[in-house]
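Notes for the one structure printed next.
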2 protein chains.
Amino acid sequence: MTHKLDLAFSALADPTRRAILAMLLEDDMAVTDVADPFEMSLAAISKHLGVLTTAGLISQEKRGRVKWCKLEPDALREASVWMQAFGQMGALDLDDFEAFLAAQLPDS
Amino acid sequence: MTHKLDLAFSALADPTRRAILAMLLEDDMAVTDVADPFEMSLAAISKHLGVLTTAGLISQEKRGRVKWCKLEPDALREASVWMQAFGQMGALDLDDFEAFLAAQLPDS
DNA sequence: TCAATATTCAACCAGATGGTTGACGTTTCA
DNA sequence: TGAAACGTCAACCATCTGGTTGAATATTGA
C-alpha cells in the first residue's frame with residue numbers, strides 16, 4: 001500500500017544511498033565495486049542496494065557471478081517532477097497531479 | 001551531523017506530511033485545522049509538523065493561542081537541485097505536462 | 001474567575017531501519 | 001577438483017519512527 005513516492009523519497013533520505021546513486025550515474029557497477037569506497041560491510045551495501053531496487057531507483061542483473069547495478073531514472077524523475085511542481089506552482093490539485101504522473105510516466 | 005538533504009527527503013517520505021504540505025500550498029493554517037481532515041490524533045499531527053519544521057520545509061509562528069504553519073519552499077529547492085543534477089527531466093513529455101498545468105491552474 | 005480552546009509533553013508501544021557477524025550457495029579458473 | 005571471489009541470508013542489536021493516551025501549559029472570552 002505504500003506509495004511509490006514514499007519508497008523513492010525514503011530511499012533518497014540516506015546519504016550512503018545518494019552516494020551510490022551518484023556513483024552509478026557514471027557507469028554501471030558490480031556490487032563489490034559499489035561497496036569498495038564505503039567503510040561498512042558488503043552485506044550492509046547489499047541491503048542498501050535492495051532498498052534502491054525496491055524503490056525502483058536502480059535495477060540489478062546477474063551475469064556470471066557478478067551482479068551489475070544500473071541507475072533507473074524513472075522513479076527519480078517522478079519524485080523530481082513532484083518537487084518541481086511544489087516549488088513552482090501555486091494552487092494545484094496534487095491528487096490529480098499524481099494521477100497525471102501515473103498516466104504520463106512509463107513503468108508503474 | 002545529519003545532512004539537510006537527509007532531513008528534507010525523509011520528511012517527504014511520509015504521505016501524511018506530503019498531504020500537509022499540499023494543504024499549506026493553499027494557505028497558512030493553524031495546527032488544529034491542519035489536523036482536521038486526518039484520522040489520527042492531534043498529537044500525531046503535531047509531531048509531523050515538528051518533523052517538517054526541523055527539515056525547514058515549514059515554519060511555525062505562535063500568535064495568541066494559535067500556532068500558524070507556513071510553507072517554506074526554500075528547503076525544497078536544495079533537494080530539487082540535487083535531483084536536477086541527475087538531469088532526467090528531459091525524458092518527461094513537456095507538452096503533456098504543460099497541457100496538464102493549463103487544465104489544472106485556475107483562470108490563467 | 002473559570003471553562004473552553006489550542007497545542008505540546010511524557011510515557012509507552014510495535015514495527016522499521018541500518019548496522020554487525022558468520023554461514024551459505026554460486027561461479028570462476030588454475 | 002578445489003580454493004578464491006561474488007553476493008546473499010539469517011540472526012542479532014541499537015536506535016528511529018509513527019502512532020496512542022492522558023496530563024500539562026497557555027491563552028481566550030464570557
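Each chain gets a letter, A, B and so on, in the order the sequences are listed, and its residues count up from 1. Model, not experiment: these values are computed from the prediction. When reading the values below, keep in mind they use all heavy atoms of this one structure, side chains included, and skip hydrogens, waters and symmetry mates.
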For the student: nearest non-hydrogen atoms of A:His48 and A:Thr16, plus distance: CD2-CG2, 3.8 Å
Touch class at under 4.0 angstrom, heavy-atom based, for B:Arg17 against every strand present: sugar-phosphate
Atom-pair distance (CD1 on B:Ile45; P on C:dC9), nearest Å: 16 Å
A:Val51 vs B:Leu42, nearer the 5' end of DNA chain C by closest nucleotide: B:Leu42
Rounded distance (nearest 0.5 Å) linking atom CD of B:Gln60 with atom CG of B:Asp28: 11.5 Å
Gap between atoms CZ and P, on B:Arg63 and C:dT7 respectively (whole Å): 12 Å
Whole-Å gap separating P (C:dT7) and CZ (B:Arg65): 9 Å
Sugar-phosphate, base or nothing in reach of B:Ala30, heavy atoms under 4.0 Å: sugar-phosphate
Interatomic distance where NE2 belongs to A:His48 and P belongs to C:dT20 [whole Å]: 9 Å
Straight-line distance of B:Thr53 OG1 to B:Lys47 NZ, nearest 0.5 Å: 14.5 Å
Protein-nucleotide distance (A:Asp33, atom CG; D:dG7, atom C1'), rounded to Å: 12 Å
A:Ser46 side-chain N/O to D:dG7 phosphate OP1/OP2 under 4.0 Å: no
Atom pair distance, as rounded to whole Å: NZ in B:Lys62 and P in D:dA26: 8 Å
Under 3.5 Å donor-acceptor, A:Arg17 side chain and A:Ser10 backbone: yes
Nearest-neighbour nucleotide for the A:Ala43 side chain, D:dC9, C:dG19, C:dT8 considered: D:dC9
Spacing between A:Leu12 atom CG and C:dT17 atom P, to the nearest angstrom: 14 Å
Candidates C:dT20, C:dT8, D:dT8 - which lies nearest the side chain of B:Gln60: C:dT8
Between P of D:dT20 and NZ of B:Lys47, the distance in whole Å: 9 Å
Short side-chain N/O contact from B:Ser41 to OP1 or OP2 of D:dG19, under 4.0 Å: no
Under 3.5 Å donor-acceptor, A:Thr54 side chain and A:Gly50 backbone: yes
Shortest side-chain distance from A:Thr32, nucleotide among C:dT20, D:dC6, C:dT7: D:dC6
